[in-house]
Novice: 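Quick one: the structure is below, questions incoming.
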Amino acid sequence: MATLYAALRLGMNPTRGWKIICGICLGLALATKATALPLLIPIAFACYHAQVGAIQALAIQRNLPLLQNVRAGTLFIWRAIRRPLLEIAATAVAVFFLTQPYALLDWYAFGHDVIRESLVARGWLDFPYTRQYAHTLPFVYQIWQSAIWGMGLPLGIFAWGGSARFAFQIWRERATTDWRRTLLFSWALIYFLIIGGQYVKYLRYLLPLLPVLYLLATAALFDWARTRVLRALAVAVLTLVLVSSATYAAAFVSIYDREHPWLTASRWIYENARVGNALIIEQWDDALPVARQVNGAARRGSEYESIVVPLYDADDDAKVATIARALERADFIILASQRAYGSIGRLPERYPLTIEYYEKLFRGE
């Protein structure tokens, strides 16, 4: 958000100070998350707007029809904006290496990790913890999940619905749209297209987008409210959204006033399982019981025999035999979360035997 704000100020007042501030903010954003790189696009747009008068005047002087010759026009615009853009990029690179020194100290591991995570996010590398997104709809899934769980439904409807109306206004009034609106919308659209199209759809990936959605939705609301009555209605809508969001946030935070379910489950295990009992633990999930005080005594999971079952392995006779041997030895089966059965259940073509195991388990068979 600081980078976008600096870009807006740069477009209005292209001083050296705003170039430096913009570069510093971009460098800090990149040091936090590599997905901040698309911020270069609104920055380039701000540089173009700062030079647009000079660009058009020079184009007329040189008799260069920018719109009729796309290649020549693009090259001409690039030459006009490249100096401020490269100055910002140079500042960003310096700040990036200053605040993310591991990119230099261990450049191979840094680059390897960033590339690997990018491939995982796009579904080109297969890991068990990403299989929960199998057969989920791109874009639609993020909108739905963020509206219900990330923001709460009133704010979610307001943010996405209002932003959609803002997009419609941009399209309808594209010839007269304020360049600042175009800059903000360009970031929102580009970032959403990149994140929304990924195979992996963690809600946290949308966090950089949410503040901009709120701005776009609010702008769309007050553009619509052109009369006094409609303006009062717009204020009422915003009040409703704010109150409901505050209530949702308070309700969510109240979860942490209670004991964590894993602590409750661990207490039950310590009180009901004998020391030395065998517990089946699902691979890639958290192991229970966790260490805690029970009746004044310190208890640990190491008091029990843990049997880790590789449920994400390929379904074959060997896996069935492994599960059967584990069931024969075990006194308890631990499902710390729905991580395994929730994702495996989405892949019936890949895990028919494991799904049958879960169905029989939940039926008590």
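Along the sequence shown, residues carry numbers from 1.
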Novice: Any chance CD of Glu328 has more than 12 other-residue heavy atoms, nucleotides or ligands included, within less than 6.0 Å?
Specialist: no
Novice: Would Gln142 and Thr136 count as a side chain to side chain contact (heavy atoms under 4.5 Å, CB included) here? Give the steps.
Specialist: CA-CA 9 Å; Gln142 288 96 325; Thr136 55; over 6 Å; no
Novice: When you measure from the side chain of Thr130 to the backbone N and O of Asp126, does any donor-acceptor pair fall under 3.5 Å?
Specialist: no
Novice: Would you name the heavy atoms of Leu183 and Ala46 that are closest together and state the gap between them?
Specialist: CD1-CB, 3.8 Å
Novice: Run through Tyr214, Trp144, Phe192 and flag the one making a ring-ring contact (aromatic ring centres under 6.0 Å, His included) with Trp160.
Specialist: Phe192
Novice: Quick one, Thr322 with Asp313, criterion side chain to side chain contact (heavy atoms under 4.5 Å, CB included). Give me CA distance, side-chain angles, the key distance, then yes/no.
Specialist: CA-CA 11 Å; Thr322 299; Asp313 286 3; over 6 Å; no
Novice: Going from CG on Leu40 to CG on Leu30, what distance comes out if it is rounded to the nearest 0.5 angstrom?
Specialist: 7.0 Å
Novice: Could you give me the CA-CA distance, side-chain angles and deciding distance for Thr91 and Lys19, then say whether side chain to side chain contact (heavy atoms under 4.5 Å, CB included) is met?
Specialist: CA-CA 9 Å; Thr91 305; Lys19 293 176 189 175; over 6 Å; no
Novice: Can you tell me how far apart CG (Leu189) and CD1 (Ile194) are? Round to the nearest 0.5 Å.
Specialist: 9.5 Å
Novice: For residues Glu282 and Val309, determine if any side-chain heavy atom of one lies less than 4.5 Å from a side-chain heavy atom of the other.
Specialist: no
Novice: Strictly distance-based, threshold 3.5 Å: is any side-chain N or O of Arg258 a donor or acceptor partner for the main-chain N or O of Ser254?
Specialist: yes
Novice: Can you tell if the side chain of Tyr357 reaches within under 4.5 Å of the side chain of Leu327, non-hydrogen atoms only?
Specialist: yes
Novice: Could you walk me through whether Leu207 and Lys33 satisfy the side chain to side chain contact (heavy atoms under 4.5 Å, CB included) test, starting with their C-alpha distance in whole Å, then the side-chain angles of each, then the deciding distance to 0.1 Å, before giving a yes or no?
Specialist: CA-CA 12 Å; Leu207 288 178; Lys33 194 77 170 173; over 6 Å; no
Novice: Check for me whether Lys201 meets the cation-pi criterion with Tyr199, that is, NZ or CZ under 6.0 Å from the six-membered ring centre and within 45 degrees of the ring axis.
Specialist: yes
Novice: Any side-chain to backbone donor/acceptor pair from Asp106 onto Tyr102? Under 3.5 Å, distance only.
Specialist: no
Novice: For the side chain of Arg174 and the backbone of Trp171, is there at least one donor-acceptor N/O pair under 3.5 Å apart?
Specialist: yes
Novice: Test of understanding: clusters of I, L, V, M, F, W, Y form through side-chain heavy atoms closer than 4.5 Å, transitively. Do Phe139 and Val200 belong to the same one?
Specialist: yes
Novice: Relative to each other, are the rings of Tyr48 and Phe45 parallel, tilted or perpendicular (30° and 60° limits)?
Specialist: tilted
Novice: Are the side chain of Asp315 and the backbone N or O of Thr354 linked by a donor-acceptor pair below 3.5 Å?
Specialist: yes
Novice: Please check if the number of heavy atoms outside Arg226 that lie under 6.0 Å from its CZ is greater than 12.
Specialist: no
Novice: Identify the two heavy atoms, one from Trp187 and one from Leu4, that lie closest to each other, and give their separation to 0.1 Å.
Specialist: CD1-CD1, 3.5 Å
Novice: Evaluate the salt bridge (Lys or Arg N to Asp or Glu O under 4.0 Å) criterion for residues Glu259 and Arg292: first the C-alpha distance (whole Å), next the side-chain angles of each, then the deciding distance (0.1 Å), finally the verdict.
Specialist: CA-CA 12 Å; Glu259 185 176 70; Arg292 65 161 301 167; 3.1 Å; yes
Novice: Parallel, tilted or perpendicular, judged at 30° and 60°: which one describes the rings of Phe185 and Phe166?
Specialist: tilted
Novice: Is any side-chain heavy atom of Val294 closer than 4.5 Å to one of Glu271?
Specialist: yes
Novice: Do Leu206 and Leu137 sit in one hydrophobic cluster, given that two such residues count as connected whenever their side-chain heavy atoms are within less than 4.5 Å of each other, even indirectly?
Specialist: no
Novice: How far apart are the closest heavy atoms of Gly197 and Pro138, and which atoms are they?
Specialist: CA-CB, 4.3 Å
Novice: Could you tell me whether the side chain of Glu117 and the main chain of Val114 form a donor-acceptor pair under 3.5 Å?
Specialist: no
Novice: Compare all side-chain heavy atoms of Ser337 with those of Asp286 and state whether any distance is below 4.5 angstrom.
Specialist: no
Novice: State, to 0.1 Å, how close Tyr270 and Arg300 come at their nearest heavy-atom pair, and which atoms those are.
Specialist: OH-C, 3.1 Å
Novice: A side-chain contact here means heavy atoms from C-beta on lying under 4.5 Å apart; do Ser146 and Met151 qualify?
Specialist: yes
Novice: Test of understanding: clusters of I, L, V, M, F, W, Y form through side-chain heavy atoms closer than 4.5 Å, transitively. Do Tyr133 and Tyr205 belong to the same one?
Specialist: yes
Novice: How many angstroms lie between atom CD1 of Ile269 and atom CG of Asp331, to the nearest 0.5 angstrom?
Specialist: 12.0 Å
Novice: With no hydrogens and no angle check, is any side-chain donor or acceptor of Trp18 less than 3.5 Å from a backbone partner on Asn13?
Specialist: no
Novice: Set out, in order, the CA-CA distance, both residues' side-chain angles and the distance that settles ring pair (Phe, Tyr, Trp, His ring centres under 6.0 Å) for Tyr304 and Phe332, then state yes or no.
Specialist: CA-CA 10 Å; Tyr304 304 99; Phe332 295 87; 7.9 Å; no
Novice: To the nearest 0.5 Å, how far apart are CD in Gln338 and CD in Gln132?
Specialist: 9.0 Å
Novice: Using 0.5 Å steps for rounding, measure from the OH atom of Tyr358 to the CG atom of Leu353.
Specialist: 13.5 Å
Novice: Looking at every heavy atom in both Ile21 and Ala6, which two are closest together, and how far apart are they?
Specialist: CG2-CB, 4.1 Å
Novice: Evaluate whether atom OH of Tyr129 has more than 12 neighbouring non-hydrogen atoms of other residues, nucleotides or ligands under 6.0 angstrom away.
Specialist: yes
Novice: Under 3.5 Å, side chain of Gln51 to main-chain N/O of Ile81, donor-acceptor pair present?
Specialist: no
Novice: Step through the shown structure and confirm whether more than 12 heavy atoms of other residues, nucleotides or ligands are within 6.0 Å of CG on Asp317.
Specialist: no
Novice: For the CD atom of Glu356 and the CD atom of Glu365, what is their distance to the nearest 0.5 Å?
Specialist: 9.5 Å
Novice: Quick one: closest heavy-atom pair of Gln283 and Leu311, and the distance?
Specialist: OE1-N, 4.4 Å
Novice: Has Tyr108 got more than 12 heavy atoms of other residues, nucleotides or ligands less than 6.0 Å from its OH?
Specialist: no
Novice: Could you state whether Val290 and Ile281 fall into the same hydrophobic cluster, counting links through intermediate Ile, Leu, Val, Met, Phe, Trp or Tyr residues with side-chain heavy atoms under 4.5 angstrom apart?
Specialist: yes
Novice: Quick check against the 3.5 Å criterion: does Arg180 have a side-chain atom that pairs as donor or acceptor with the backbone of Leu8?
Specialist: no
Novice: Linking I/L/V/M/F/W/Y whenever their side-chain heavy atoms sit closer than 4.5 Å, directly or via other members, would Phe222 and Leu242 fall into one cluster?
Specialist: no
Novice: Determine the sole option in Lys319, Arg346, Arg131 for which the side-chain hydrogen bond (donor to acceptor under 3.5 Å, both in side chains) test with Tyr351 is passed.
Specialist: Arg131
Novice: Is it the case that atom CZ in Arg116 sees more than 12 heavy atoms from other parts of the structure closer than 6.0 Å?
Specialist: yes
Novice: Side-chain contact, heavy-atom cut-off 4.5 Å: Met1 with Tyr5?
Specialist: no
Novice: State which residues pass side-chain contact (heavy atoms from CB on, under 4.5 Å) with Ile20; sequence neighbours excluded, sorted by chain then number.
Specialist: Arg16, Ile24
Novice: How about Leu238 and Phe158: do any of their side-chain heavy atoms sit closer than 4.5 Å?
Specialist: yes
Novice: Which one of Ser306, Ser266, Pro261 satisfies the side chain to side chain contact (heavy atoms under 4.5 Å, CB included) criterion with Leu288?
Specialist: Ser266
Novice: Tell me, do Tyr312 and Ile344 make a side-chain contact under 4.5 Å, heavy atoms counted?
Specialist: yes
